[in-house]
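Have a look at the structure below, then the notes.
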Amino acid sequence: MPSKKLTDLDFNNQSKAINLPNPTSPQDAATKAYVDSLVGISGSAYIWPTRAERYRKWLSGITSSSSFVRYASPSGSLDNDGSRAAPWPLQFGMNQTPPGGVLILLDGVYGTSAGDALLDCNNPGTAAAPITVAAENLHGARLHATNKLYGVLVNSAAVYVRIAGLEISGVSNSGIITYANYTDTLYNYIHDTTPIEGVNGGAGITYVSTGTQTGGYIEGNHIHDIGDFAANTWGSGNSPSTRVHGIYVYRTNVTIVNNLVYRIKAFGITFWGDPKNNIVANNTVFLCKYGAISVGAGDVSGALAENNIVVNNIAAHSYLGLDEVGSTGTNTFDSNLVWANTADLSLQTSTATNTITADPLLIFPSLRGDFRPMFTSPVRRAGNSNYLPTLDFDLLLRETSDIGCFAVLEEVERQDAFGGASSFIMPWSLPVPAPPGVFTSTVRPIVNAINATATTTLALTANRAYWIPFSVRRTMRVVALTTEVTTASTGTHTLYVYATNSLGQPTKRLASGTFDAGTTGTKTVTLNLPLEPGIYYIVRHAGSAATIRAIAVGGAVALAHTAGGTAFTTHFYTTGTPSDPAPTSGYTAGTGVLPAVGVEYVI
């Protein structure tokens, strides 16, 4: 196709926004040059086929326009000249970088520093000549330490600084924190940090204002497991997390686009202080214990959250989907997809428009999975094009107004339409295929029943724990487990859910609930447990010798077979109350019928 410049691009007869909120900002020149180079390529078969290669192309546009390009490495020396062959130490290199300069971090682990941060930025750039600190290879430079508060600290004097392509983990407050005007955080991978509840808490990325700080651009970051995800209760339970977030913004005029955020203790993306004129567009936020996206104000005299725009986002499998809290005025919530949140909308003074409530149909959303939408996803072409970023998370041009951080490209659509990870199914996995409305609070799928035409009963052995493995192939939230007592025997019985390691062996206890088997009938244990794709165990500990509804051997999943024998293993059992973490020995292969446990879940 003929070469076009960004300002010529359009779709659905509307102008495409370029690097919101200010397409003409000199700080956006590198991204504009990169996008213009993409547009000139015929079709969509880009010659940079991976995100990492497209990042290198983007970075080359920055280095080619700078007269100061220096390098740092974990083994750099003060006696070196800062060239790639003779790099500097990280902090020393930062201290030498002038406005318009580029400091490139070579691959390796950067784990030591003199202060609270592994990298302390004090040098200012300018609007026309920002300072860039970037990994040479996408996420090849890893900032990791467990004895530091921050990965990168941008102090108030360091205006117009761009932090790009880093991997950050281990720190105890924020992966990147800025007190400066106009900080850009681009394409970073921030994960497995350790902030805890308290006065300060922490986040993957934190933008602070101590008075007048404003502005900034947060794009294309991959953020997950900020804080111990299992440490606090779900939502507003007995011990909620309210201060450990994915992205936390305490200022005005910040743009947040194309970020992938999941497994966060509190909110995925949240505003506080006196936030105004911020934009949150085309992010995918998933599995956050207090909420996906929150706009709120407080702790500042006269604070009011108003004129903030939340558009084209996926907010799913969290306690709250879209939220307003504290002192709020009128904010825009438009063309967002919400799904499987305890409360999809929790707005105070604003009204959500064009909201889609449907499964986003992501390919394989999980800790090591794929959050791209499938061909049939309702996010396709459903967004508001007025706030659409030029690129998507993968640094590919957005050709249509899709919702979420990934564009639904034709190449991806063809691949998924003919089957991919989303078509994977096992006979002992959840969710169970069924038409809508079939499964209810009284009709629930039974774990590990295959080809069963009828149930039987099982006389439990008192003080025995029955371990039943099962798989989950789509992210879901388990809300209840059920079992049926057919012959009563007074005693406390417990149903547990355990996680597993990479070998499928039980490890951490995730949830539990008890009931008395002293009466017959259906017994229900209420949970609120998010499960990602993977292998899990349901464990039933028998506090008495009650008889229960069970799966006959002929209708159970065969897990193993003893050589030379005729019996198949259908479950495992141990003696005594199961420990947390799970016992590492003492398991016996069970070859008989196994307890029938029903699972109620929300997808």
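In this chain, numbering begins with 1 at the start of the sequence shown.
Using a 3.5 Å distance cut-off with no hydrogens or angles, the side chains of N283 and N259 do pair a donor with an acceptor. For the residue pair T400/D402, the side-chain donor-acceptor check at 3.5 Å is satisfied. With hydrogens and angles left out, the side-chain atoms of N312 and N384 include no donor and acceptor closer than 3.5 Å. For the residue pair T252 / N277, no side-chain donor-acceptor distance below 3.5 Å is found, with atom types taken as modelled. Side-chain contact check for S169 and H144: at least one donor-acceptor pair (N or O, by modelled atom type) lies under 3.5 Å. Defined by atom type and a distance below 3.5 Å, a donor-acceptor pair is present between the side-chain atoms of S294 and D323. For the residue pair S401 / S385, no side-chain donor-acceptor distance below 3.5 Å is found, with atom types taken as modelled. No side-chain donor-acceptor contact under 3.5 Å links E306 and T328.
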Audit row: N253, T214, side chain to side chain donor-acceptor pair (under 3.5 Å) steps and yes/no: CA-CA 6 Å; N253 297 306; T214 187; 3.1 Å; yes
Working for salt bridge (charged side-chain N to carboxylate O under 4.0 Å, His left out), residues R398 and D392: CA-CA 6 Å; R398 287 185 178 270; D392 79 341; 5.6 Å; no
D299 and W272: CA distance, side-chain angles, deciding distance, side chain to side chain donor-acceptor pair (under 3.5 Å) verdict: CA-CA 8 Å; D299 297 336; W272 196 243; 2.8 Å; yes
Candidate pair Y262 and F371, rule ring pair (Phe, Tyr, Trp, His ring centres under 6.0 Å), full reasoning: CA-CA 10 Å; Y262 57 95; F371 287 80; 4.6 Å; yes
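To the nearest 0.5 angstrom, T193 atom OG1 is 11.5 Å from L149 atom CG. Rounding to the nearest 0.5 angstrom, the gap separating the CD1 atom in I247 from the CZ atom in F267 is 14.0 Å. Note that the CD1 atom of I177 and the OH atom of Y248 stand 9.5 Å from one another [nearest 0.5 Å]. Within the model, atoms SG of C405 and CD of E219 stand 11.0 Å from one another, a figure rounded to the nearest 0.5 Å. We find the CG-CG distance between L322 and N336 to be 5.0 Å, quoted to the nearest 0.5 Å. In this structure, CG in N278 is found 4.5 Å from CG in N308, a value given to the nearest 0.5 Å.
I196 CD1: 12 or fewer foreign heavy atoms inside a 6.0 Å radius.
Between T185 and Y217, every side-chain heavy-atom pair lies at or beyond the 4.5 Å cut-off. The side-chain heavy atoms of Y290 and I264, taken from C-beta on, include no pair separated by under 4.5 Å. Contact check for Y187 versus L395: side-chain heavy atoms found under the 4.5 Å cut-off.
Side-chain atoms of Q213 come within 3.5 Å of backbone N or O of G211 as a donor-acceptor pair. Judged by distance alone, with hydrogens and angles left aside, the side-chain atoms of T349 form a donor-acceptor pair with the main-chain N or O of G329 at under 3.5 Å. No donor-acceptor pair under 3.5 Å is formed between the side chain of N528 and the backbone N or O of V479. R251 contributes a side-chain N or O that, together with a main-chain N or O of V208, makes up a donor-acceptor pair within less than 3.5 Å. Listed for the T500 side chain is a donor-acceptor partner under 3.5 Å among the backbone atoms of I535. Remark: side-chain polar atoms of N173 are paired, donor with acceptor, to backbone N or O of G201 under 3.5 angstrom. Judged purely by atom type and a 3.5 angstrom limit, T132 has no side-chain atom pairing as donor or acceptor with the backbone of R162. Of the possible polar contacts, one joining the K276 side chain to the L304 backbone as a donor-acceptor pair under 3.5 Å is found. Of the possible polar contacts, one joining the Y207 side chain to the T183 backbone as a donor-acceptor pair under 3.5 Å is found. Counting only distance, with no hydrogens or angles, the side chain of N331 and the backbone of L347 share no donor-acceptor pair below 3.5 Å.
For the side-chain contact (heavy atoms from CB on, under 4.5 Å) with P530, the qualifying choice from V478, L287, L510 is L287, the only one to do so. For the pairing with D334, the side-chain hydrogen bond (donor to acceptor under 3.5 Å, both in side chains) check across N313, T353, T351 returns one residue only, T353. When I176, L138, V152 are each tested for a side-chain contact (heavy atoms from CB on, under 4.5 Å) with N188, only one passes: I176. Each of I205, I218, V295 was evaluated against V249; a single residue qualifies, I218, per the side-chain contact (heavy atoms from CB on, under 4.5 Å) test.
Ring planes of H222 and H224: tilted class, angle from 30 to 60°.
In summary, D394 and R372 engage in a salt bridge, as defined by a charged side-chain N under 4.0 Å from a carboxylate O.
The shortest non-hydrogen separation linking V300 to Y250 is CG2-OH, 3.3 Å.
For the side chain to side chain contact (heavy atoms under 4.5 Å, CB included) test, residues two or more places apart in sequence or in another chain that qualify with H139 are R51, E167, Y189.
A cation-pi contact, defined as under 6.0 Å to the ring centre and within 45° of the axis, is absent between K508 and Y498.
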